There are 4 protein chains.
Amino acid sequence: MPEPSGVGRPRDVRRDAAIHEAALALLTEVGYDQLSIEAIAARAGVAKTTIYRRYRDKAALVAAAVEQRQGSAPPEPVAGGLRENLLAVVGWLAREIEEQEIGLLGALFAGMRGDARLADEMRRILRRDQAAMTDRLPGEELAPGAAELFAEVAPAVIVHRIVFAGERCDERFVRHLVDDILFPLLRKGIQS
Amino acid sequence: MPEPSGVGRPRDVRRDAAIHEAALALLTEVGYDQLSIEAIAARAGVAKTTIYRRYRDKAALVAAAVEQRQGSAPPEPVAGGLRENLLAVVGWLAREIEEQEIGLLGALFAGMRGDARLADEMRRILRRDQAAMTDRLPGEELAPGAAELFAEVAPAVIVHRIVFAGERCDERFVRHLVDDILFPLLRKGIQS
Amino acid sequence: MPEPSGVGRPRDVRRDAAIHEAALALLTEVGYDQLSIEAIAARAGVAKTTIYRRYRDKAALVAAAVEQRQGSAPPEPVAGGLRENLLAVVGWLAREIEEQEIGLLGALFAGMRGDARLADEMRRILRRDQAAMTDRLPGEELAPGAAELFAEVAPAVIVHRIVFAGERCDERFVRHLVDDILFPLLRKGIQS
Amino acid sequence: MPEPSGVGRPRDVRRDAAIHEAALALLTEVGYDQLSIEAIAARAGVAKTTIYRRYRDKAALVAAAVEQRQGSAPPEPVAGGLRENLLAVVGWLAREIEEQEIGLLGALFAGMRGDARLADEMRRILRRDQAAMTDRLPGEELAPGAAELFAEVAPAVIVHRIVFAGERCDERFVRHLVDDILFPLLRKGIQS
DNA sequence: AAATAACCGAGACGGTACGTCAAGTCTTGAG
DNA sequence: CTCAAGACTTGACGTACCGTCTCGGTTATTT
C-alpha cells in the first residue's frame, strides 16, 4: 500500500472511520466470508476505490478495523485473593471474545493461509491485551511462569468452547474454567 | 440433497473417492476460502454437476470429505503410568491436528456463520475421535471427570498454539503440555 | 474465443439475437466510444459473461453485430443506360452508409489500432456487398476496370462527405457524384 | 474553459508544448480510444490538473494538439503540366495523411458523436490545408470547379485506401490515383 | 512590500466500466 | 437416473481512468 506521503490532498479521516465502522458492523452481521468490500463501501457511503486505496484486500481491511477498535479495558485488580481476580479477568475475557472476536477469528483462519504477513499482524493484535491482562493478577500468589500459562490456556479454552463446542461462556462456565483448570494450575506451591 | 432412490443409473463410487481426494488435497494446498468447487471438479476429473448432485455446497462437501478421511488411529495404551500414556496420546493428537485439520478449522470458522447446520456437522466430526482418544487413558489413575477435562483442554491448547501463536507442536511442546498442564490437572488426588 | 464444440448445452440463439440487436441500437444511439458492454448486456437482458463468452471485446462484438445485420439488398438493374443505374446504385449506397455504417466506421477506426485481426474482419465485411453492387452495373457500357474504380471511389467520396464534411447525402449530392465524377470516369471510351 | 485573464501567474508554455508532444506521441502509439489523459500527463511530466485547466476533455486536447502540429508545407508548383503538379501534390498529401492523421481520424469518428462542436473543430482543421493545396495547381489547365472536385475526391480516396483497404499509399498508387482518376476528372475540356 | 490571483504537482474522491472468476442452476446428449 | 460438458444468471472481484476537488506551495501582476 502506498503510504500517504504528505503531499497532495490529505486523506479524509472521516472516511477511515466510516470504513472501519461499516466493516466491523458487517463483520458481526454476516461473518467474514460473506463480507464483501462492495457492501462495506455501500454501507460506509464511500467509493470502492477509496477502500482499495487504503487496503490491499479484505483481510488487510479487517485487520486494520479490528486493530483500531478499542475493546473495553481489562478489569482492575479486585480485593480478595487469586481466585476472585481470576474470576474477574476470565469473565471479562470471555465476554470480550464472545462479543466480537469471532469474526476476527474467521479472518485469521481464512487469511493466514497464503498471507503470513497478515497472520503475524493478527497475532500481534491478539497479543496486545495479554500483557495488560496478566498484570491484573496478584503476583504473590502465583506460581512461577503462571502468567504465560494463563495466556496459553485461558483464551484457548474459551475460544475452543465458543467455536468447537458452540456453547456460550456463561457464569457457570467461567467458574468451571477458574476452579477446575486455572486456579489449580496457577496457584503457588501446587507444582508437583 | 435428493438421496439416490435406487432406480436409474447408480452413482459411480469412484467419483465419490476422486472428489474427496481432490477436495482434501486442495484444502491443504490453498486453504478453505481459496478452495473452489470448480477447481475440485477439474482436479477430480469430474463435472461440476456431479458434485452438486452430491453436496449442497462447498461446506457440505468439505464436511463430508473430512469425515470420510481416515486419520491414523489413536495409539494403543502403552505400558507405564498416566504420564507416558498422556505423552503418547497428546503427541498423536498434535500431529493429527497439525497435519490436516487446519484447513478444516478454516472451514469451520468461515462456514459456521450463517450455516448452523454445518457447524453442528463439524462439531460432530470433531467429537468423533475424542471418545476413542480418552479411552486410551488408564482409568485408575484419573481424577473423576478427567476425560472431559482432557477433551476440553488438550485440543484447545494445541489448536491455539498452531493458529494463534503460529508455532509448531514439537516434542518439547508436547512434554510441556503434558507436564505443566495436563498431568497436574488430570491425575487422581490432586483436586483441591 | 472458444468455439462451441457441440457437446454440452448449446448456446441460446435468442441471446445472440438480443445481443446483436442491443448492440446495434446502442451503437446508433450513443456512438461507438460511448458504447459499453455493460449497457448492451442490460439492454439485451443478458449477463455480461454471456457476452464475453462470445466476443473477446467490444470491437469483436460490434464487428459481429454489423456483419450479421442484413442491410437492404442493392437495387436490381433498371432499364435505361449506365447513368440511370449509377444513380440507383449510388443512391442506395449513400442511404446504406448514412443510415447505420457510421457507428461501424468509428469502430473500425478506433479498433484497428492494436487489433489487426479486427481490421481485417471489418474490411472483409465492407467488401462483402461490393461484388453484388458492381454486378448491378451494365457491363457493355463500362470501361475496362470500371468496377474496381467504382468500388474505390464511390464509397470513399460518400464516407468522406458524411464524416469530414458533415453533410447529408441527399438527392442533389448523388446526382453530383454520378454526373461529375463517376459517370465520366466509368463510361467506355473516355480514357485518354 | 476559462481563458487565462492576464492577471495571476501565467501559464507555462513549456507545459503546453510537453502536453501536445505527449498527446501526439501516444496518439500514434496506441490510437485514440486507448489514449488516456492519465498517460498523457505522466508522459508529459505534468499533473492532470494542468491538462484539465487547459482542455475540457480528451477530444479538445487532441484537437488542439493536432491543430498546433505543423505538418510539412505543400510542395511548390513545379515546372511541367497539370499531371506533374498533381503527382507532387497528391504524393505529399498521401504521405501527410499516412504519417499521422490516422489517429486524428479515429478521434474524429469517435468523438463527433455527442460533440458536434468537436466535429466542427476537426473539420475546420482538416480544411485548413486544402486551400493552400489547391493553389498549387496550375489554373489554366483546370476545368471549372476542379479545385473543389480535387478536395472532394483526392483525400477521400487516400483515406479510404489506408483505412478500409488497409494498404499503403506508395508511388504506384499515387500514379494510379492521378492518372486514372484525378487527371481525367480535372483537366480542362473533358467534361461531357 | 504586500496582497492578490492564477498556476502547478500531488493525490484523494465518487464514479463508471472494465474483464475475470466462481457460485449454483439449467440444458443437452449419451450411457 | 447418472454423467460430462458447458451455457446461463448473479454478484463480487480488483484495476483503470474519468473529471472534480483539496492541499501546500510557487510565480507573476497589481495595489
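Note that this is a predicted model, so its numbers are computed, not measured. So that the names make sense, note that chain A is the first sequence line, chain B the second, and so on, each numbered from 1. As a basis for the values below, the full set of heavy atoms in this structure was taken, side chains included, without hydrogen atoms, waters or symmetry mates.
Here D:I51 contributes atom CD1 and D:E38 contributes atom CD; the two are 9.5 Å apart, rounded to the nearest 0.5 Å.
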Under 3.5 Å, N/O pairs linking protein and nucleotides 12-16 of chain F:
{"residue": "F:dC13", "atom": "OP1", "partner": "A:I37", "partner atom": "N", "Å": "2.8"}
{"residue": "F:dC13", "atom": "OP2", "partner": "A:I37", "partner atom": "N", "Å": "3.3"}
{"residue": "F:dC13", "atom": "OP2", "partner": "A:E38", "partner atom": "N", "Å": "2.9"}
{"residue": "F:dG14", "atom": "OP2", "partner": "A:Y52", "partner atom": "OH", "Å": "2.5"}
{"residue": "F:dG14", "atom": "N7", "partner": "A:K48", "partner atom": "NZ", "Å": "3.3"}
{"residue": "F:dG14", "atom": "O6", "partner": "A:K48", "partner atom": "NZ", "Å": "2.9"}

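Note that the two end axes of the helix from E:dA1-F:dT31 to E:dG31-F:dC1 enclose an angle of 10°, each drawn from 5 base pairs, rounded to 10 degrees.
If you check every strand for non-hydrogen atoms under 4.0 Å, C:T50 touches a base. Looking at heavy-atom distances under 4.0 Å, D:G45 makes contact with sugar-phosphate atoms alone, never a base.
Contact check, D:R9 against F:dT27: a side-chain N or O comes under 4.0 Å of OP1 or OP2. Contact between the side-chain N/O atoms of A:S5 and the OP1/OP2 oxygens of E:dA10 is not found at any separation under 4.0 Å. In terms of phosphate contacts, A:R54 brings a side-chain nitrogen or oxygen within less than 4.0 Å of OP1 or OP2 of E:dC13.
Judged as a side chain to side chain donor-acceptor pair (under 3.5 Å), and not counting sequence neighbours, D:K58 has no contacts. Listed by chain and number, the residues in a side chain to side chain contact (heavy atoms under 4.5 Å, CB included) with D:R54 are D:R11, D:R15, D:D16, D:I19, D:T50 (sequence neighbours excluded). Contacts of C:R43 classified as side chain to side chain donor-acceptor pair (under 3.5 Å), with partners at least two apart in sequence or in another chain: C:E29.
Nucleotide F:dC17 holds its C1' atom 15 Å from the CG atom of D:L61, rounded to whole Å. Protein atom CD1 of D:I40 is 11 Å distant from nucleotide atom P of F:dG19, rounded to whole Å. When the C1' atom of F:dC17 is taken as reference, atom OH of D:Y55 falls 20 Å away, rounded to whole Å. In this structure, CD1 of C:I51 is placed 15 Å from P of F:dA7, rounded to the nearest angstrom.
Contacts with DNA chain E (heavy atom under 4.0 Å) in residues 10-23 of chain A: A:P10, A:R11, A:D12, A:R15, listed by number.
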